[in-house]
> 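Sharing a structure, written as structure tokens. Questions coming.
Atoms within a ligand are numbered from 1 in the order they appear, just like the ligands themselves.
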Amino acid sequence: MNRPVRTRFAPSPTGGLHLGGVRTALYNFLFTRKHGGTFVLRIEDTDQTRFVPGAEEYIIKCLEWCGITPDESTTAGGNYGPYRQSERKHLYAQYAQQLVAAGHAYYAFDTPEELAQMRAANANQQYDHTIRMQMRNSLVLPDTEVATLLAQGVPHVIRIKMTPGETLTFTDLIRGEISFDTSLVDDKVLLKADGMPTYHLAVVVDDYLMQITHAFRGEEWLPSAPVHLLLWEYLGWKEKMPDWAHLPLILKPDGYGKLSKRDGQRLGFPVFAMNWTDPATGETMTGFCERGFLPEAFVNMLAMLGWNDGTTQEIFSLEELVQAFSLERVHKAGAKFDFEKAKWFNQQYIQQASDDVLVLLVRPYIEEHVGEVTDELLWQVVPLIKERCSLLADFWDQGHFFFKDPETIDVDAIREKWNDSTQQFFTAWLEALDQLEVWSAESVERSFNELVAAQGIKKGAVMLPLRIMLVGGKYGPGVFEIAGVVGKEAVVRRLRRNLFSV
Ligand code: GLU
């Protein structure tokens with residue numbers, strides 16, 4: 001009988017949320033929504049050495065920004081909690097002990113020095129079937145000594161006992177059948193000396209107890225799959241094992257290697273969903289959100305990093321993604337990250353967004369530079385420049401002159417066009433502008449054209465200087481529209497300032 005679909009996103013709160021992590025959450029979410037299931041957010045914080053304060057709240061905030069809403073989580077609650085593994089600590093030891101009792105795991109008392117010695121001869125030596133009988137563990141020590149060591153509380157871990165020479169197979173929903181040779185897998189620690197489970201034990205126990213039916217995770221977890229397969233089997237839960245899918249890596253733009261947290265800084269684009277400040281170093285890494293991405297565009301772009309629906313369609317709303325998504329169409333090969341393409345997605349969404357939404361979104365990017373601005377002004381500016389913007393931050397670069405006089409002026413470009421007649425033209429036009437009763441893009445343009453005609457001057461000779469005096473350079477939307485928005489006072493001031501300095 002088919003069980004109701006339950007999936008999970010299981011991040012470790014160790015720092016910023018990499019776009020690969022968000023994509024894993026997204027694919028889980030899309031699959032779950034498509035199948036009317038339940039999407040669980042589980043915080044995997046059993047590694048105390050890697051725990052970073054604030055990272056859990058940050059992950060929740062990032063998912064919220066993306067619209068990837070968990071049905072069960074530390075904040076939403078649910079019937080399978082707690083959803084933070086450190087709060088489930090008491091649950092895991094019994095399963096590790098059950099494995100020891102059944103001969104599938106053993107106590108290991110090796111000290112850090114003994115482990116270092118093991119590796120001294122061969123740095124690649126793993127704690128595995130080739131060496132375990134030379135180490136200090138319950139496979140080797142007499143039962144009475146093991147009992148004494150345990151009674152004395154001597155620090156120890158519990159390791160899985162891998163049986164060498166077997167082939168383990170499972171069917172990955174993306175990659176098909178995958179086999180592993182157990183001889184190559186080491187005896188992974190399941191329960192640590194501090195009583196905390198490792199990822200391997202915790203992920204199996206929790207996927208079982210939370211009745212997870214489908215587990216999609218990054219490709220980097222594939223080598224751990226044989227350990228997990230055996231744990232499902234040894235714990236007697238094999239029938240309940242979720243279907244797994246290992247998602248392809250997100251690669252550096254050149255395709256060589258996994259896109260790392262550092263690559264973004266090196267190459268000048270974000271890799272985290274939102275700004276992340278490392279509490280230890282105080283260093284902030286920019287997020288897609290703060291860089292000016294719309295969450296819908298970010299999510300759409302991520303969905304396409306490793307998946308398509310078989311057509312050439314690229315723009316999908318979240319609802320459309322839910323309908324169209326299928327694991328069969330997730331690629332096996334890694335997906336190259338292309339920041340220009342990511343910006344293209346964002347540009348598409350900026351063009352589609354309504355002006356009232358954009359006014360809200362753009363405001364902080366403008367106010368960051370000039371303090372408070374009125375809605376009225378933003379309402380005028382946004383439609384004039386939105387087609388030139390790929391990022392929300394571009395609204396400042398493309399439209400700063402609407403909010404303050406340009407700081408730099410491309411004087412050389414004006415000089416190229418400048419002569420006595422242009423000087424006369426602008427001097428006369430300043431007077432004409434002063435007489436203008438109604439100030440609008442149309443009235444300004446009319447007065448300009450009338451004077452061009454009256455002076456018999458070429459329009460092209462004065463248009464460019466006008467633009468540069470108003471804007472600072474050879475860019476921006478229609479020059480009369482700019483004049484209409486910034487108003488008479490600003491136009492007159494900018495012309496005066498530049499007219500007599502060229
Ligand atoms: N805690 C693991 C991680 O952060 C989760 C892996 C999994 O989904 O099983 O990648």
> Would you indicate whether the side-chain heavy atoms of V40 and Y80 approach each other to under 4.5 Å?
no
> Answer yes if the side chains of R262 and Q265 hold a donor-acceptor pair under 3.5 Å, and no otherwise.
yes
> Give the atoms of ligand 1, by number and element, whose distance to some non-hydrogen atom of E44 is under 4.0 Å.
1 (N), 2 (C), 5 (C)
> Have a look at R8 and tell me which of D71, D206, D207 forms a salt bridge (Lys or Arg N to Asp or Glu O under 4.0 Å) with it.
D207
> F109 versus L141: any side-chain heavy-atom pair under 4.5 Å?
yes
> Report the nearest protein non-hydrogen atom to atom 6 (C) of ligand 1: residue, atom name, distance rounded to 0.1 Å.
Y199 OH, 3.2 Å
> List in chain and number order the residues that pass side chain to side chain donor-acceptor pair (under 3.5 Å) with Y365, two or more places apart in sequence or in another chain; answer none if no residue qualifies.
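Y365 satisfies side chain to side chain donor-acceptor pair (under 3.5 Å) with no other residue.
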> Below the 3.5 angstrom mark, is there an N/O of V203, backbone or side chain, next to an N/O of ligand 1?
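In fact, backbone or side chain, V203 has no N or O that close.
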> For atom 10 (O) of ligand 1, grab the closest protein heavy atom and report residue, atom and distance to one decimal in Å.
W221 NE1, 3.1 Å
> Give a yes/no verdict on whether any heavy atom in R8 is under 4.0 Å from an atom of ligand 1.
yes
> For atom 2 (C) of ligand 1, find the nearest protein heavy atom and state the residue, atom name and distance (0.1 Å precision).
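The closest one turns out to be A10 O, 3.3 Å.
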> Which pair of non-hydrogen atoms, one from K258 and one from L249, has the smallest distance, and what is that distance?
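Shortest heavy-atom contact: CD-CD2, 4.0 Å.
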> Which of the numbered atoms in ligand 1 are under 4.0 angstrom from any heavy atom belonging to R217?
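Counting from 1, the qualifying ligand atoms are 7 (C), 8 (O), 9 (O).
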